[in-house]
Amino acid sequence: MTDSVPENTPGSPEGFVEPAGYDPNAVERKWRERWAARAANRTDIAGARRPFYALMMFPYPSAEGLHVGNLFAFTGNDIYARFQRLQGLDVFQPIGFDAFGIHSENHALKLGVHPMELIPANIANFTRQLERAGLMVDWSRTVDTTHPSYYKWTQWVFLKLLERGLAFKKKAAVNWCPNDKTVLANEQVENGRCERCGALVEQRLLEQWFFRITDYAERLLANLDTLDWSNTTKTAQRSWIGRSEGAEIRFRVLNPLEDAGSAAVHVTAEVGSGAQEIRVFTTRPDTIFGATYVVVAPEHPLLDAITSFEQRAAVSEYRARTSRQDLIARKTNKEKTGVFTGSYTVNPATGEMMPVWTADYVLMEYGTGAIMAVPGHDERDFEFATKFALPIERVVVGPGENSRTPLREAFVDDGDGRLCNSEQFNGIPVGEAKGLVTDWLESKHAAKGVVNYRLHDWCISRQRYWGPPIPVIYCDACGTVPVPEKDLPVLLPNIPDFKPDDSGVSPLARHEEWYRVPCPACGKPARRETDVSDTFLDSGWYFLRYPSVGRDDVAFDAATTKKWLPVNSYIGGNEHAVLHLLYSRFLTMVLHDAGYLEFDEPFTKFRAHGMIIRDGAKMSKSKGNVVNPDDYFDGWGADTFRTYLMFLGPFEEGGDFRDAGISGVKSFLTRLWISARDSHTNGEPDRDVMRKLHQTIRKVGEDIPKLSYNTSIAAMMECLNVVRRGERVAHRAEVEPMVQLVAPFAPHLAEELWEMLGHTRSVFDSGWPAFDAALATQDTVTIAVQVGGKTRGTVVVSPEAGEAEVLAAVMADAGIAKFITGTPKKVIFVPKRLLNVVL
RNA sequence: GCGAAAGUGGCGGAACUGGCAGACGCGCAGGACUUAGGAUCCUGUGGGGCAACCCGUCCGGGUUCGACUCCCGGCUUUCGCACCA
């Protein structure tokens with residue numbers, strides 16, 4: 001079974017000689033070599049007449065090698081791509097490597113190997129495994145994000161955003177490990193501690209580069225309606241963008257001098273000069289009459305200016321305490337804390353004085369970084385007000401309540417509440433009141449209606465080594481100067497000491513020879529930007545590059561791009577449902593607006609594949625449940641492994657990996673092999689077998705485009721069971737089309753059998769088998785017979801049989817007729833399916 | 001807490017638009033051919049009952065001639081997001 005040596009010797013009984021069996025390793029080696037020699041998978045980019053771009057998310061080439069999760073995704077894409085090729089399209093299925101980033105860098109640090117050595121070795125290993133998997137990938141057009149020929153154009157994309165005013169610098173908080181002296185990504189912080197050394201992580205404010213993706217929020221949201229994407233993905237994007245309508249309300253901060261009886265004379269220097277104003281965002285302007293205090297985030301720029309002398313120590317102590325927390329802990333800590341600033345504002349609706357507090361439950365990055373607190377109708381404000389004894393007012397009543405019903409908890413329902421204790425607005429339903437109150441405040445110049453987004457600008461700075469240097473130069477005379485395009489790429493220098501230090505700036509800053517450059521504008525001494533960019537920028541445009549790989553003069557060629565993009569089909573994991581896909585869409589829109597692209601959405605169709613788990617859990621090294629594809633390639637062959645992975649469950653849902661089921665798939669392929677090998681051309685093919693075959697051709701042709709691979713495989717198995725029933729030897733016409741059907745799943749085997757059947761060209765150039773509806777038609781159908789809704793039996797009739805005919809057949813069947821004890825009240829007849837006699 | 005998806009035999013999973021629940025595969029049991037079988041083939045396999053039949057798609061209601069599928073309420077699981085004002 002596992003080798004190609006004939007298993008029966010010539011001297012075996014009856015002179016029967018078992019011909020060569022199915023040896024996957026030999027077959028797969030042969031076709032790998034043949035495909036390579038013929039350049040069978042190379043796409044004619046320029047000459048293609050019916051281009052079809054079948055893209056899969058490119059992998060991060062980890063040192064552990066190809067993960068089954070990767071293989072599952074790639075196989076699913078490959079089947080789709082090969083199917084389209086069998087339909088006669090010119091399919092382009094490229095692959096590349098997303099190899100920059102903190103993950104690679106940390107791994108390199110751990111091993112003590114430089115990433116510039118490590119990454120090529122990993123890529124070589126990945127490439128070997130991917131070739132072994134039999135993917136129809138065009139290896140002449142791969143992309144490696146860490147190669148200067150690629151990141152030159154990543155830097156170019158940055159410059160395009162800078163030109164358009166969409167790249168800017170501002171201070172932002174990062175996670176900082178005081179022990180490792182390094183900036184950490186959110187995923188490197190575990191329970192407030194550094195994942196490597198366990199030290200408590202702090203926040204640090206650093207100047208960082210951002211992309212103004214928020215300018216595109218509305219368009220990113222609106223375009224979703226036009227895309228053929230998995231619904232879960234669209235929903236995730238919508239909630240990530242997080243559009244909410246509300247009002248921005250202004251609160252004047254009272255000058256402490258005006259505060260009757262105050263002794264706070266010394267604070268005048270800070271506060272006395274002119275009226276300070278706090279702007280808040282709220283989705284509930286209707287509750288303005290219930291606002292009893294105002295809270296600003298500890299990072300709010302006005303906090304110092306509005307803090308009174310007496311409260312200074314408390315406020316700065318509080319702010320220091322907040323900044324000592326890492327970004328995650330800050331957001332998960334539920335216990336409310338905060339301090340009074342010593343200032344007051346006026347409620348524009350009631351004219352009442354309201355204290356201004358600072359508290360970390362208000363986040364600087366959302367809205368305006370300040371809120372009006374309405375403890376009666378917001379859970380968080382209620383909790384805070386209760387803890388600090390601040391007033392709680394009811395301004396909305398639910399059904400059965402009145403303005404004096406006590407509030408035991410915040411009443412947050414905005415569905416069928418009506419306003420109360422709100423003067424002229426009393427009795428108005430909440431929904432209606434939102435607009436009316438906003439208009440009223442607007443007329444008093446105290447507010448305006450606004451739309452706010454949860455989405456915030458994209459921080460692309462990384463104070464790290466392993467990424468493309470951000471192509472900017474700082475000159476004392478000229479300011480921030482973009483690196484001229486002719487000077488790209490800004491090469492990442494090969495430095496041995498790439499480990500981050502306690503400076504909070506990239507290791508590149510330690511290399512004067514790299515860091516010091518003449519200003520491109522005036523020639524005077526200047527300094528390079530030492531931050532590198534986020535990996536999401538690398539992956540945000542790679543799909544534009546593939547068809548133009550090899551062009552060194554442009555990022556992507558205009559005519560080629562017009563021909564091949566947008567991507568026809570994109571398949572990838574839902575873990576990238578939000579960031580990668582959103583950033584790619586954003587960059588596409590920007591490049592469209594800049595005149596480089598004719599389309600503004602990159603992926604016409606996107607489907608998220610599921611995840612492969614094992615023993616009910618994600619595969620991970622720590623759990624020891626990782627599957628190494630090499631073992632399965634060697635033991636079962638790539639064709640069996642591919643087909644098995646697709647048979648596990650619905651492609652878009654993933655499945656539970658277990659060794660148990662793989663033998664069934666292997667035996668299916670082996671049996672197909674035997675039937676094809678032994679097929680004959682004597683006489684005519686069997687009518688019933690041909691019917692099943694054509695039903696299968698239809699079914700597989702319908703299921704593959706739906707990515708319903710598991711049911712396609714089941715259908716082919718059924719068909720083969722019919723072909724081989726009772727040890728039948730197949731007629732050639734019965735199995736030949738099956739070789740074409742199975743080709744997307746088991747490409748090596750299909751090629752071998754196709755050749756065995758006498759063809760000289762590749763099975764992938766043979767087209768999809770023709771479906772003959774006449775052959776697929778059933779002569780008879782089995783109709784379920786119910787009496788009073790209970791199934792009592794079946795009758796076999798012609799597909800054209802009408803109700804009367806079927807009823808007659810039913811009455812002729814004593815086993816069913818005995819249940820029909822009276823005169824039928826009603827008979828329900830569904831042609832070809834069911835007859836229900838209701839008594 | 002919010003959002004999304006999902007609960008079907010011993011197991012992975014099928015089931016069109018509301019129309020025979022359990023396709024296909026694994027596993028299990030029996031058999032054929034064999035020196036042999038991890039090959040191939042045949043038969044059986046949701047539960048109960050000798051049988052006629054009865055019960056069965058997370059739980060409880062409902063709509064319908066008919067519900068895995070639709071509606072209402074609840075439970076559980078997985079995955080996102082998480083003090084979003």
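Lettering of chains follows the sequences in order, A, B, ..., and the numbering in each one begins at 1. What you are looking at is a predicted structure, and each value in this text was computed from that prediction instead of being measured.
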Answer with base, sugar-phosphate or nothing: what part of the nucleic acid does [X] contact at a heavy-atom distance below 4.0 Å?
X: Arg238(A); value: nothing
X: Thr232(A); value: sugar-phosphate
X: Thr368(A); value: nothing
X: Lys790(A); value: sugar-phosphate
X: Asn710(A); value: sugar-phosphate
X: Phe657(A); value: nothing
X: Ala236(A); value: nothing
X: Asn231(A); value: nothing

Which is more 5' along RNA chain B, the nucleotide nearest Gln786(A) or the one nearest Phe281(A)? Just name the residue.
Gln786(A)
Closest-nucleotide 5' rank along RNA chain B - winner of Val578(A) and Asp378(A):
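Going by which nucleotide is closer to the 5' end, it is Val578(A).
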Mind checking who C33(B) pairs with, Watson-Crick or G-U wobble, both distances under 3.5 Å?
none
Is the NZ or CZ atom of Lys336(A) positioned over Phe384(A)'s six-membered ring, under 6.0 angstrom from the centre and within 45° of the axis?
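So Lys336(A) doesn't make the cation-pi contact.
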So, is the end of the Arg792(A) side chain (NZ or CZ) under 6.0 Å from the ring centre of Phe819(A) and within 45° of the ring's axis?
yes
Please determine whether a side-chain nitrogen or oxygen atom of [X] lies at a distance below 4.0 Å from atom OP1 or OP2 of [N].
X: Arg658(A); N: G10(B); value: no
X: Arg671(A); N: C41(B); value: yes
X: Ser239(A); N: G80(B); value: no
X: Asn574(A); N: A5(B); value: no
X: Lys234(A); N: A5(B); value: no
X: Lys818(A); N: C53(B); value: yes

Between U45(B) and G9(B), how far apart are the C1' atoms? Round to whole Å, please.
10 Å
Flag if over 12 foreign heavy atoms under 6.0 Å of CZ, Arg728(A):
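Yes, the 6.0 Å shell around CZ holds more than 12 heavy atoms from other groups.
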Check: C83(B) base within 3.5 Å donor-acceptor of Lys336(A) side chain:
yes
Ring pair (Phe, Tyr, Trp, His ring centres under 6.0 Å) partners for Trp229(A), two or more places apart:
Phe606(A)
Without swapping roles, check the side chain of Asn25(A) against the backbone of Asp634(A) for a donor-acceptor pair under 3.5 Å.
yes
With a 4.0 Å heavy-atom cut-off, tell me which residues in residues 642-654 of chain A come close to RNA chain B, sorted by residue number.
Phe647(A), Leu648(A), Pro650(A)
Give a yes-or-no answer on whether the side chains of Tyr453(A) and Thr214(A) include a donor-acceptor pair shorter than 3.5 Å.
no
